Amino acid sequence: TNFAISAYKPKLALDYVSPASIGVGVDRFGTYAAGGISAFWSDMLGTRTIVTTAFTGSHLVDTSGALGYLNNKGRFNWGAAAQRIVYPYPYYYLYEDEFAGEPAIFEVQDIYRLINYDLSVFGSYPFSQVSRFSLSTGFRIQDFQRTLYTRIYSMASGGLIAYEKESVPTPPALAYGYLTAGYYYDTGIFGATSPILGQNIGLAVSPAIGSINFVTVSADFRKYFMPLRPFTLAFRALHLGRYGKDAEDNRFYPL
C-alpha cells in the first residue's frame, strides 16, 4: 500500500531507429553502394530529444550527417544542430581521343558538389495553439568541389587501360553568420490527404553577414474553402526573394 517516491531522472533512451537504406548498383561506370540511417533518443516524458542521421554515397566525400537537440520542457522550445550536407550534381559524357598513341574512348563522370556546413541554435515561442514566433542564428559555410573521374578504354580490345581522378578549381567558399526571425499562424484542418479548411500564414526574414552579405525574405499565405462538401478550393500566394548587394552572386544556386 506504500509507494516509493523518487525524483524524476530525465535519462535519454533510444526511441526509434529508422530502417537502414542500402543500395548497390552496377553500370558501365563501375559498382556503387550507398546507404543511410537515423536514430532518435528522448527521455520518458519527451521533454528532451536528440536526433542523429547519417548517409554515405559511393564516394567518401559525399558522406552527410546531422546531429540535433531539442528541449521542449517549457513553453519556450529551444535547441541546437550541427550538420554537414552534401548536394552532388553529377554529369556524364564520353568522347573519342588518343591515349598512349592508340585510339581510345574516354568516359567521364563529372561531379559538382555543394557542401554545406552549419552550426545553429534556435527557439520557438507559441502565442497560442495556432500562432508562434521562431528565432534562429548560426554560422554557415557553403563550400564547392568539382571532380572528374575518367575511365579510358582501348578501342581495339575494349578493355580498361587507365583511370584518372582530377580536381577542378571551384569558386571560393561562402562563409557567413545568419539570423532568422519568423512568425507563423496556422488554423488549417487536415482531411485524409491535405488541409480542407482554414488558413496558413508564414513570414520570415533572414539577414546574413560575412564573406557575403544578403537578406532572404519569405512570405507564404494559404487559404482553404469548402463551398460544397466534400470539395475544397485551395489558394496560395508565395514570395521568396534574396536581396542586398551580394544577392545576385553566381555562387548561389538559383532560386
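Worth saying up front: this structure is predicted, and the values here are computed from it rather than measured. In this chain, residues are counted from 1 in sequence order.
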Test question: given the 4.5 Å side-chain rule for I, L, V, M, F, W and Y, name all other residues clustered with F235, or answer none.
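Grouped by the 4.5 Å side-chain rule, F225, L233 form the rest of the cluster around F235.
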
Quick one: is the NZ or CZ of R242 closer than 6.0 Å to the six-membered ring centre of F252, and within 45° of its axis?
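Flagged: R242 positioned over aromatic ring of F252.
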
So, is the end of the R132 side chain (NZ or CZ) under 6.0 Å from the ring centre of Y183 and within 45° of the ring's axis?
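Not flagged: R132 not positioned over aromatic ring of Y183.
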
At what distance, to the nearest 0.5 angstrom, does [atom1] of [X] lie from [atom2] of [Y]?
X: I50; Y: T52; atom1: CD1; atom2: OG1; answer: 8.5 Å
X: T137; Y: L179; atom1: OG1; atom2: CG; answer: 5.0 Å
X: I85; Y: D118; atom1: CD1; atom2: CG; answer: 9.0 Å
X: T49; Y: W41; atom1: OG1; atom2: CH2; answer: 12.0 Å
X: I111; Y: D62; atom1: CD1; atom2: CG; answer: 6.0 Å
X: Q199; Y: T187; atom1: CD; atom2: OG1; answer: 5.0 Å

Count I, L, V, M, F, W, Y as connected when their side-chain heavy atoms are under 4.5 Å apart, and connections chain through other members. Are [X] and [Y] then in the same cluster?
X: L174; Y: L119; result: no
X: I212; Y: Y117; result: no
X: Y95; Y: I152; result: yes
X: Y149; Y: Y153; result: no

Just checking, is any N or O donor in the side chain of [X] or [Y] under 3.5 Å from an acceptor N or O on the other one?
X: T53; Y: S38; answer: yes
X: T47; Y: N72; answer: no
X: S154; Y: E102; answer: yes
X: Y112; Y: R146; answer: no
X: S206; Y: T216; answer: no

Partners of Y176 by ring pair (Phe, Tyr, Trp, His ring centres under 6.0 Å), sequence neighbours excluded?
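Expected list: F214.
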
For A34, side-chain contact (heavy atoms from CB on, under 4.5 Å) partners two or more places apart:
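With neighbours one apart ignored, the set is F55.
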
Checking R229 now: which residues fulfil side-chain contact (heavy atoms from CB on, under 4.5 Å) with it, not counting sequence neighbours?
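Residues passing side-chain contact (heavy atoms from CB on, under 4.5 Å) with R229: M226.
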
Could you go through the salt bridge (charged side-chain N to carboxylate O under 4.0 Å, His left out) check for D43 and K11 one step at a time?
CA-CA 5 Å; D43 59 356; K11 296 175 61 177; over 6 Å; no

Neighbour count >12 (heavy atoms, 6.0 Å) for atom CD, E98:
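Yes - once you tally the heavy atoms of other residues, nucleotides and ligands closer than 6.0 Å, there are more than 12.
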
Not counting sequence neighbours, which residues clear salt bridge (Lys or Arg N to Asp or Glu O under 4.0 Å) with R75? List them please.
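Scan of R75 (salt bridge (Lys or Arg N to Asp or Glu O under 4.0 Å), adjacent residues dropped) gives none.
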
Output all residues satisfying salt bridge (Lys or Arg N to Asp or Glu O under 4.0 Å) with R222, sequence neighbours left out; order by chain, then residue number.
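Salt bridge (Lys or Arg N to Asp or Glu O under 4.0 Å) list for R222, sorted by chain: D220.
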
F133 and Y125: aromatic ring centres closer than 6.0 Å?
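So the answer is no for these two rings.
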
Centroid-to-centroid, W78 to Y69, below 6.0 Å?
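Ring centroids of W78 and Y69 are less than 6.0 Å from each other.
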
Taking the side chain as every heavy atom from C-beta outward, state whether L148 and K165 have any pair of such atoms under 4.5 Å apart.
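Heavy-atom side-chain distance check fails, nothing below 4.5 Å.
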
Between I196 and Y224, is any pair of side-chain heavy atoms under 4.5 Å apart?
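When only atoms from C-beta onward are counted, Y224 and I196 do not touch, as no gap falls below 4.5 Å.
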
Check whether any side-chain N or O of S124 sits under 3.5 Å from a backbone N or O of S134 as a donor-acceptor pair, and report yes or no.
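No, the answer is negative, given that no donor and acceptor are paired below the 3.5 Å cut-off.
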
Between S64 and V86, is there a donor-acceptor pair closer than 3.5 Å when you use the side chain of the first and the backbone of the second?
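Yes, S64 side chain to V86 backbone: donor-acceptor pair under 3.5 Å.
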
